[in-house]
Amino acid sequence: MGLVIKALKYLLLLQISLTFIYTNEISSASPVTPPSPTKMSRKLVAVQGMVYCKSCKYSGIDTLLGASPLQGATVKMACNNTKKGVTMETKTDKNGYFFMLAPKKLTTYAFHTCRAWPTKPGPAGAKGTCTVLSQLNNGTTGAMLKPSKSVKINEHDYVLFSVGPFAFEPTCTS
Ligand SMILES: *[C@@H]1O[C@H](CO)[C@@H](O)[C@H](O)[C@H]1NC(C)=O
Ligand SMILES: *[C@@H]1O[C@H](CO)[C@@H](O)[C@H](O)[C@H]1NC(C)=O
């Protein structure tokens, strides 16, 4: 009697482990398996941010109180993802906002090799009103990209990264 129960237990265990192996094989082969958080899938890189002209009231102080959006400022991104790397530039719109899609050879695996920073103030600089780049949020040394969310752009999976906000110092006559 005891032997029969032992044999039954053994069979049951065997079946459980076989079922386990079977379901594991199915799930790893399935194309709809979500990526595990520890192994984030490779995506493309998009970067956004803002550039401001600081208020005369706070010239030289790291704050955006009273600052106004800077249109036409150039923002550069440089990455050491490969020996040659990737560099690109874009300009802010009338709201001081910029957005860029990095070339496809740059993926999220290498986002930490990138820095972004403003290079030129644009028309406001030409008018002499906002000329000197502020170190706010690493504007002069280059800011690291902070992941904000996943987005789909033209059928491609991107991660949208944020940098800044950056600022230029106003030239103030008092
Ligand atoms: C990329 O490499 C250049 C040249 O070696 C270096 O000056 C720069 O700081 C590097 N950038 C990053 C983000 O590591
Ligand atoms: C700014 O620079 C400092 C010093 O290099 C660094 O520790 C920090 O992570 C940087 N932050 C960003 C957002 O780039």
Side-chain angles (χ1 to χ4, degrees), residues 35-174:
S36 86
T38 50
K39 202 180 155 200
M40 195 176 86
S41 61
R42 195 183 291 254
K43 292 182 179 178
L44 300 177
V45 174
V47 182
Q48 68 173 1
M50 301 281 298
V51 183
Y52 291 91
C53 177
K54 282 170 56 181
S55 157
C56 271
K57 240 169 114 178
Y58 300 106
S59 178
I61 301 168
D62 270 359
T63 178
L64 289 173
L65 275 175
S68 43
L70 195 53
Q71 179 175 13
T74 303
V75 178
K76 182 175 176 174
M77 179 171 78
C79 307
N80 290 338
N81 56 321
T82 59
K83 209 165 190 177
K84 234 177 120 201
V86 161
T87 61
M88 64 183 306
E89 280 186 354
T90 190
K91 282 190 174 146
T92 53
D93 66 13
K94 65 176 177 4
N95 301 312
Y97 176 79
F98 66 89
F99 176 84
M100 49 184 143
L101 296 180
K104 296 197 170 54
K105 61 187 169 188
L106 178 73
T107 71
T108 46
Y109 281 18
F111 84 86
H112 55 277
T113 70
C114 301
R115 296 290 183 276
W117 66 99
T119 53
K120 289 180 222 128
K127 279 188 268 163
T129 48
C130 237
T131 50
V132 181
L133 181 59
S134 158
Q135 168 61 3
L136 182 70
N137 294 316
N138 293 2
T140 57
T141 48
M144 297 189 299
L145 315 186
K146 288 179 296 236
S148 62
K149 60 178 177 182
S150 294
V151 285
K152 200 144 202 141
I153 302 168
N154 301 329
E155 313 269 299
H156 292 291
D157 289 320
Y158 279 84
V159 172
L160 180 58
F161 292 86
S162 298
V163 288
F166 300 121
F168 283 86
E169 295 289 348
T171 317
C172 304
T173 49
S174 52

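Please read all numbers here as calculations on a predicted model, not as lab measurements.
For the pair Met77 and Val163, the minimum side-chain heavy-atom distance is 4.5 Å or more. Two residues are said to be in side-chain contact when any heavy atoms from C-beta on lie closer than 4.5 Å; Met88 and Leu106 fail this criterion. Put simply, the side chain of Leu44 does not reach to within 4.5 Å of the side chain of Leu101, judged on heavy atoms. Contact check for Met144 versus Asn138: no side-chain heavy atoms found under the 4.5 Å cut-off.
Among residues at least two apart or in separate chains, there is no ring-ring contact (aromatic ring centres under 6.0 Å, His included) pair with a member in residues 70-107. Sorted by first and then second residue, the pairs that involve residues 146-171 and meet ring-ring contact (aromatic ring centres under 6.0 Å, His included), not counting sequence neighbours, are Phe111-Phe161. Within the structure, salt bridge (charged side-chain N to carboxylate O under 4.0 Å, His left out) pairs that include any residue of residues 103-123 do not occur (at least two apart or interchain). Applying the disulfide bond (SG atoms under 2.5 Å apart) test to residues at least two apart or on different chains, the pairs with a partner in residues 94-137 are Cys53-Cys130, Cys79-Cys114. Listed by first then second residue, pairs satisfying salt bridge (charged side-chain N to carboxylate O under 4.0 Å, His left out) with a partner in residues 84-103 number zero, not counting sequence neighbours.
By the side chain to side chain donor-acceptor pair (under 3.5 Å) test, Thr140 pairs with Gln135, sequence neighbours left out. The ring-ring contact (aromatic ring centres under 6.0 Å, His included) search around Tyr52 returns none, not counting sequence neighbours. By the side chain to side chain contact (heavy atoms under 4.5 Å, CB included) test, Thr131 is found to be paired with Thr171, residues two or more places apart in sequence or in another chain being considered. Residues meeting the salt bridge (Lys or Arg N to Asp or Glu O under 4.0 Å) test with Lys149, sequence neighbours left out: none. Ser150 meets the side chain to side chain donor-acceptor pair (under 3.5 Å) test with Lys43; sequence neighbours excluded. Taking Glu169 as the reference, Lys54 meet the side chain to side chain donor-acceptor pair (under 3.5 Å) condition, with sequence neighbours excluded. Residues passing the salt bridge (Lys or Arg N to Asp or Glu O under 4.0 Å) test with Asp62, sequence neighbours excluded: none.
Taking every heavy atom of both residues into account, Pro69 and Gly96 meet most closely at CB-N, 3.7 Å. Across Leu64 and Pro165, no two heavy atoms sit closer than the pair CD1-CG, 3.5 Å. Nearest heavy atom pair, residue Gly139 against residue Pro118, reads O-CD, 3.7 Å. Closest approach of Gly66 and Ser55 over heavy atoms only: O-CB, 3.4 Å. Minimum heavy-atom separation, Ala167 to Leu136: CB-CD2, 4.1 Å. The minimum heavy-atom distance between Thr92 and Val75, with the atom names listed, is CG2-CG2, 4.5 Å.
In this structure, CG in Asn137 is found 12.5 Å from CE in Met50, a value given to the nearest 0.5 Å. Taken from OG1 in Thr129 to CG in Leu70, the straight-line distance is 7.5 Å, to the nearest 0.5 Å. The structure places CG of Leu160 at 10.5 Å from CG of Leu145, a figure rounded to the nearest 0.5 Å. A distance of 7.5 Å separates NZ in Lys76 from OG1 in Thr119, rounded to the nearest 0.5 Å.
Asn95 CG: more than 12 foreign heavy atoms inside a 6.0 Å radius.
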